[in-house]
Amino acid sequence: MLQVSVLREHTAEALAALAKKHYKTAEADVQAVLDLDQRRRQLQTEHDSAQAEANELARQIGGLMKAGNKAEAEELKVRTATLKQQTKQHADELAQVEQGLQQVLWKLPNLPHSSVPEGRTAQDNEVVREVGDKPELPADALPHWELIKKYDIIDFELGVKITGAGFPVYKNQGARLQRALINFFLDEARAAGYTEMQPPILVNEASGYGTGQLPDKEGQMYHDAQDNLYLIPTSEVPITNLYRDEIIPTEKLPIRNTAYTPCFRREAGSWGADVRGLNRLHQFDKVEIVQITQPEESYAILEQMVAHIESLLQKLQLPYRVLRLCGGDMGFTSALTYDLEVWSAAQQRWLEVSSASNFETYQANRLKLRYRAEGGKTQLLHTLNGSALALPRIVAALLENNQTADGIALPEVLHSYCGFSKIG
């Protein structure tokens, strides 16, 4: 959530930044924030003034009563009663204004970092670097949805039978490959200094609002209406919310956590060739890395997180590229996002397997997540997260890029985790 002080003191800059994200109602919404903020401050001043006068009159009334001047004391009591009524009215209107202000602030996306390129769609994203050679496959090479049938490692039909489309059943070497990748990613994260966590996969509404999935992504989340709980779209949500309403001692910063969870996304409106097989699922496995840090260190940490994700792809021997997302393709809560994509040799296209983002103070403001800076003043922290990694498209690329006439040769780093070196 954007800070009101930023919108008030840097209005023109905020509007320019929101324009980079192509937020259509920026001027009206920012003006609404400024108007409500002005009314809030006016009401607070009037409330405090009336309260101070009432307190002073109460002191005077006590003195008059002790002096036996009851008539004058009664006059002051009438004025005190009026002031109490005024303060109640102020408090009631202040609560309404606060609620209205909150509702507008929920709607506003984060401001993009100055390095975010202009653009509206994924075609406008900036390629930062491309690493690795694309494999040359024979003419009869198969896409991963054919390979999984050939080697009987994932069953989409069974998933449809027991749940619906987008919920595959992993089996045989496919199930073992899933477990191997999860363990590999977690071990690599722990070796890089992250603390492993195992959070709930259902979260309450406050958690959804805390990290910005609500109200922006409400239609994409699976919701249990009876208990008002949401299945997580990513473990970023519970892991970051562990620190909601906390003041973190500086000696505990940066906080570095990792978690494996299944993730759930409705993916409403997704269709076509790009969602075939493992390309887009409603349930998928992912290992996440999350950091919480002081503002001056967050962008260096973002680069470190991207480097960690790249190291995983390099060890898996997958050709990849790093993209800096343009304003129009960025997430609602992000100030700067890098996407990492692997090359799918059989599909002849890039597949996104990770996003790493710096949210600056946007989530921390919602979460009331702070630290005590020098001098004792509390300030908002910066939050960051990255996929390290999401499994489905990694599996798709591993299957397609490593297919041979007598099976799928897995990268050496997975041999000990899988207990086998080849599928088939």
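The first residue of the sequence shown is numbered 1, and numbering continues consecutively from there. From a predicted model like this one, the values you see are computed outputs, not experimental measurements.
- The shortest distance between side-chain heavy atoms of Leu313 and Val353 falls below 4.5 Å.
- Here the closest heavy-atom approach between residue Ala390 and residue Ser387 is recorded as N-CB, 4.1 Å.
- Side-chain contact annotation: Thr383 with Gln363, donor-acceptor N/O pair under 3.5 Å present.
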Given Tyr194 and Asn257, is the side chain to side chain contact (heavy atoms under 4.5 Å, CB included) satisfied, shown in steps? CA-CA 5 Å; Tyr194 291 88; Asn257 289 332; 5.7 Å; no

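- Arg244 and Asn241 are linked by a side-chain donor-acceptor pair at a separation below 3.5 angstrom, with hydrogens and angles left out of the test.
- Using a 4.0 Å cut-off between charged nitrogen and carboxylate oxygen, Asp29 and Lys107 count as a salt-bridge pair.
- Using a 3.5 Å distance cut-off with no hydrogens or angles, the side chains of Thr45 and Asp48 do not pair a donor with an acceptor.
- Under 3.5 Å, the side chains of Thr333 and Asn110 contain no donor-acceptor pair of N or O atoms.
- A donor and an acceptor atom, one from each side chain of Asp35 and Gln31, are located under 3.5 Å apart.
- With hydrogens and angles disregarded, no donor-acceptor distance shorter than 3.5 Å links the side chain of Lys20 to the backbone of Gly328.
- Met330 and Leu336 make their closest contact through CE-N, 3.7 Å (heavy atoms, listed as atom of the first residue, atom of the second, distance).
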Report the C-alpha separation of Leu410 and Lys422 in whole Å, then their side-chain angles, then the decisive distance to 0.1 Å, and conclude whether the side chain to side chain contact (heavy atoms under 4.5 Å, CB included) test is met. CA-CA 6 Å; Leu410 295 175; Lys422 182 179 290 188; over 6 Å; no

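- Between Arg120 and Asp124, no side-chain nitrogen of the basic residue sits less than 4.0 Å from a carboxylate oxygen of the acidic one, so the salt-bridge criterion is not met.
- In this structure, a donor-acceptor pair under 3.5 Å is absent between the side chains of Lys286 and Ser235.
- Of the possible polar contacts, none joining the Asn125 side chain to the Leu323 backbone as a donor-acceptor pair under 3.5 Å is found.
- Judged by distance alone, with hydrogens and angles left aside, the side-chain atoms of Asn402 form a donor-acceptor pair with the main-chain N or O of Leu398 at under 3.5 Å.
- Ion pairing of Glu246 with Arg370 is absent here, as no side-chain N (NZ or NE/NH1/NH2) approaches a carboxylate O to less than 4.0 Å.
- Side chains of Thr211 and Glu236: a donor-acceptor N/O pair is absent below 3.5 angstrom, by distance only.
- Comment: Arg39 engages Glu93 in a salt bridge, judged by a side-chain N to carboxylate O separation of less than 4.0 angstrom.
- Side-chain contact between Leu18 and Leu111 is present, with heavy atoms from C-beta onward closer than 4.5 Å.
- Using cut-offs of 30° and 60° on the angle between ring planes, the pair His90 and His47 is perpendicular.
- You'll find the side chain of Val342 stays beyond 4.5 Å of the side chain of Pro319, heavy atoms only.
- Remark: side-chain polar atoms of Asn365 are not paired, donor with acceptor, to backbone N or O of Thr361 under 3.5 angstrom.
- Aromatic pair Trp343/Tyr320: ring centres not closer than 6.0 Å.
- No donor-acceptor distance shorter than 3.5 angstrom exists from the side chain of Arg366 to the backbone of Leu2, with no hydrogens or angles considered.
- Between Val116 and Leu325 there is no side-chain heavy-atom pair separated by less than 4.5 Å.
- Contact detail for Ser354 and Leu389: the closest heavy-atom pair is CB-CD2, 3.7 Å.
- For the residue pair Leu381 and Ala364, the shortest heavy atom distance occurs at O-CB, 3.1 Å.
- For CD of Glu27, the number of neighbouring non-hydrogen atoms (other residues, nucleotides, ligands) closer than 6.0 Å is 12 at most.
- Remark: side-chain polar atoms of Ser49 are not paired, donor with acceptor, to backbone N or O of Glu46 under 3.5 angstrom.
- Using a 4.5 Å cut-off on side-chain heavy atoms (C-beta onward), Arg280 and Arg393 make contact.
- Residues Glu126 and Arg324 are paired through a salt bridge, judged by an N-O separation under 4.0 Å between the basic side chain and the carboxylate.
- Just one of Glu310, Glu341, Glu352 meets the salt bridge (charged side-chain N to carboxylate O under 4.0 Å, His left out) condition when paired with Arg321; it is Glu341.
- The closest donor-acceptor contact from the side chain of Thr404 to the backbone of Gly407 lies under 3.5 Å.
- Less than 6.0 angstrom separates the ring centroid of Tyr299 from the ring centroid of His113.
- Annotation for Glu9: atom CD counts as buried by contact number, over 12 foreign heavy atoms lying within 6.0 Å.
- Annotation for Lys88: atom NZ does not count as buried by contact number, only 12 or fewer foreign heavy atoms lying within 6.0 Å.
- Ring pair His282/Tyr222 is perpendicular by interplanar angle, where above 60° counts as perpendicular and below 30° as parallel.
- Side chains of Asn228 and Asn204 form no contact here, defined as non-hydrogen atoms less than 4.5 Å apart.
- When every heavy atom of Phe185 is checked against every heavy atom of Ala388, the shortest pair comes out as CB-O, 3.3 Å.
- Of all heavy-atom pairs between Gln86 and Ala50, the closest is OE1-CB, 4.2 Å.
- Between Thr293 and Ile255 the shortest side-chain heavy-atom distance does not fall below 4.5 Å.
- Side-chain contact, Tyr260 with Asp285: a donor N or O sits under 3.5 Å from an acceptor N or O.
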Can you check side chain to side chain contact (heavy atoms under 4.5 Å, CB included) on Leu278 and Ile154, steps first, answer last? CA-CA 10 Å; Leu278 298 171; Ile154 302 174; 3.9 Å; yes

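- The pair Glu188-Lys315 meets the salt-bridge criterion, since a charged nitrogen lies less than 4.0 angstrom from a carboxylate oxygen.
- Atom CD of Gln348 is surrounded by more than 12 heavy atoms from other residues, nucleotides or ligands within 6.0 Å.
- Of the possible donor and acceptor atoms, none in the side chain of Asn183 sits under 3.5 Å from a partner among the backbone N and O of Tyr417.
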Assess whether side chain to side chain contact (heavy atoms under 4.5 Å, CB included) is satisfied between Asn279 and Trp145, documenting all intermediate values. CA-CA 10 Å; Asn279 288 344; Trp145 53 85; 4.1 Å; yes

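- Distance alone, capped at 3.5 Å, is enough to place a donor-acceptor pair between the Asn358 side chain and the Glu360 backbone.
- The backbone N or O of Gly219 sits less than 3.5 Å from a side-chain atom of Arg266, completing a donor-acceptor pair.
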